[in-house]
Student: 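Would you mind keeping the following structure in view while I ask a few things?
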Amino acid sequence: MNSSSILNSLGISDPGPGLLIGSSENIGEGPRLEIHSPIDGSLLRSVGSSSPADVARGCEAAHDAFLSWRMIPAPHRGELVRQFGQVLREHKEQLGALVTLEAGKIRSEAEGEVQEMIDVCDFATGLSRQLYGLTIQSERPEHRLMEQWHPLGPVGIISAFNFPVAVWSWNTALALVCGDPVVWKPSEKTPLTALACHHLLMRVIRDFDDAPDALSVIVNGDSEAGKALVDSPHLPLISATGSIAMGRAVGQRVAARLGRSLLELGGNNALIVTPSANLDLAVKAITFAAVGTAGQRCTTLRRLIVHRSVKKELVSRLLSAWASIRIGDPREDDVLIGPLIDQAASEAMEHALSLAVKQGGKIHGGGRVTSNVPAGGFYVNPAMVEISADASVVQTETFAPICYVHEYDQLEEAIKIQNEVPQGLSSAIFTDNVQEAEIFCSPAGSDCGIANVNIGTSGAEIGGAFGGEKETGGGRESGSDSWKNYMRRATNTVNYGTDIPLAQGVEFI
Ligand code: UN1
């Protein structure tokens, strides 16, 4: 399928709308955005965008939708999400193809992203019958103490280009079963996949008894639209995924109005390889984690911390594995590394590598690839950089395939290096020594939200809570009990007696 037939099959008009409130689509009063494919720089579509006033309209409509959706029984809300999962199954290939076109992911990763959406719909459907609260023993006679979880209100979602559809779905599937409509501001680089997701969801909403039309709202736009979203009094929760700088700005604005924010920001993920590690497994896992998605996952492996005794062998095995990987058009079957998202990403990679050289790094690979790749895209060789853990360049996340390599002697030292960065998203250890694995997972081990043993740092399953500590923002999305972010807890004490006994034995009238 060529690009316009993919876009047309997913209902994306030309130009695409910038403000979508349920079934109503408008171009929006904000500036037009031109969306180019990172594969070859070709223009895919222009789309409208929302002005701050448009965003306010969208948030108000979502609030009105909330007033009725919150009263629908949660298992019935779950049925809507189940049906959405079904629609996604039917469109997995098409939506995956659009993710490839707009974000540059290879086909299996693009379809894997759609699979994450399907999985989280299944998860949320099950959850819709399990939004449990506790009953608590009351200290007073003839009293019942309990908690209930109620819908919170419309959720504002800000997502990044690198997971243009999955991150929205983690938030949306949970929000919908929890009784909350969603208002989504997708990345300015990937609004087309967002339009496609909205259209697929609206197919279900339109045919579903009791579902208000404005359950799904999209506001395309720049930082002005983003600010209006973040400031909206109608959105009690803002869930934002992206850079640390963005999260810092969003978190502070939301805090200023005492709203809640759920932040999933930059990572600077490390993997420790100990002397007992199975290097065959480690080479495979490190390769996917470091160079998969062209280094553009927030869980991408950025720092490899290897025991001195195995470093030489591991580095040489990795370099020969990487040399055999085909870089190029992500639509081609044997290509494993597609383009970077844009020129700025390529320049950021060059800049980080030049800093690394100044700071004493020894670089393997790196550099633009210009032959056997489509013209107009930014294709790069993955870079491995042997460098001291003290070099300041390793403290920053560069969203490109650069993997710094450090060596260590004692596990304690490796864990210290791993934790001595401001970010705390994902981490891993490769070891066949049970004690080392347990130390890594203990309170004295990795300080990240994700700590893995004998698997890489990226490619987390949806069933676990996803997110990290420190400058990664502290939020948890997706699995486990992350649903609690999307609800409000009410503590209810009910007196079924004939007296008013006070707590703590206080005597009054
Ligand atoms: C992200 O890069 O923003 O663990 C999310 C992973 C994916 C999600 C990454 N499931 O790599």
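Worth knowing before you read on, the calculation uses all heavy atoms, side chains too, and leaves out hydrogens, waters and symmetry mates. First listed ligand is number 1; within each ligand, the first listed atom is number 1. Residues take their numbers from the sequence shown, with the count starting at 1. This one's a predicted model, so the numbers in the text were calculated from it and none came from an experiment.
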Student: Give the residue, atom name and distance (to 0.1 Å) of the protein heavy atom nearest atom 3 (O) of ligand 1.
Tutor: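 Ranked first by proximity to atom 3 (O) of ligand 1 is C298 SG, 2.8 Å.
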Student: How many angstroms lie between OG1 in T398 and OH in Y404, if you round to the nearest 0.5 Å?
Tutor: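 It is 5.0 Å, given to the nearest 0.5 Å.
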Student: Looking only at protein heavy atoms, which one is nearest to atom 9 (C) of ligand 1, and how far off is it?
Tutor: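 For this ligand atom, the closest protein heavy atom is F163 CE1, 3.5 Å.
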Student: Can you find an N or O of T241 that's nearer than 3.5 Å to an N or O of ligand 1?
Tutor: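 Between T241 and ligand 1 (N or O atoms, distance only) the closest approach is not under 3.5 Å.
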Student: Quick check: W170 and ligand 1, any N/O pair under 3.5 Å apart?
Tutor: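 For ligand 1, there is no N or O atom that lies under 3.5 Å from one belonging to W170.
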Student: Distance to 0.1 Å, residue and atom name: give those for the protein heavy atom nearest to atom 4 (O) of ligand 1.
Tutor: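 Ranking protein heavy atoms by distance from atom 4 (O) of ligand 1, first comes A460 N, 2.7 Å.
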Student: Please examine the side chains of T299 and F466, heavy atoms only from C-beta on, and report whether any two atoms are closer than 4.5 Å.
Tutor: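 A side-chain contact exists here, since the closest heavy-atom pair is under 4.5 Å.
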Student: Which residue holds the protein heavy atom closest to atom 6 (C) of ligand 1, what is that atom called, and what is the gap in Å?
Tutor: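 The closest one turns out to be G459 N, 3.2 Å.
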Student: Taking the side chain as every heavy atom from C-beta outward, state whether K105 and F163 have any atom pair closer than 4.5 Å.
Tutor: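 Yes; the side chains approach each other to less than 4.5 Å.
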Student: Please list, in number order, the atoms of ligand 1 under 4.0 Å from a heavy atom of T299.
Tutor: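 Here the atoms of ligand 1 in question are 4 (O), 6 (C), 11 (O).
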Student: Report the part of I462 in contact with ligand 1, treating N, CA, C, O as backbone and CB onward as side chain, heavy atoms under 4.0 Å; options are side chain, backbone, both, neither.
Tutor: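 The answer is neither; I462 stays 4.0 Å or more away.
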Student: Do L336 and T287 come within less than 4.5 Å of each other through their side chains, counting heavy atoms only?
Tutor: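 No. Closest side-chain heavy atoms not under 4.5 Å.
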Student: May I ask you to identify, for E116, whether its side chain, its backbone, both or neither come under 4.0 Å of ligand 1 on a heavy-atom basis?
Tutor: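 Side chain only.
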Student: Which value, rounded to the nearest 0.5 Å, describes the distance between L95 atom CG and E93 atom CD?
Tutor: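 Spacing of CG (L95) from CD (E93) equals 11.5 Å.
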Student: Report the distance from atom OG1 of T274 to atom CD1 of I305, rounding to the nearest 0.5 Å.
Tutor: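 It is 12.5 Å, given to the nearest 0.5 Å.
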Student: Given side chains that start at C-beta, do those of R257 and I238 come closer than 4.5 Å, heavy atoms only?
Tutor: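 Sidechains of I238 and R257: in contact.
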Student: At the 4.0 Å heavy-atom cut-off, does F288 count as touching ligand 1?
Tutor: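 Flag not set, F288 not near ligand 1.
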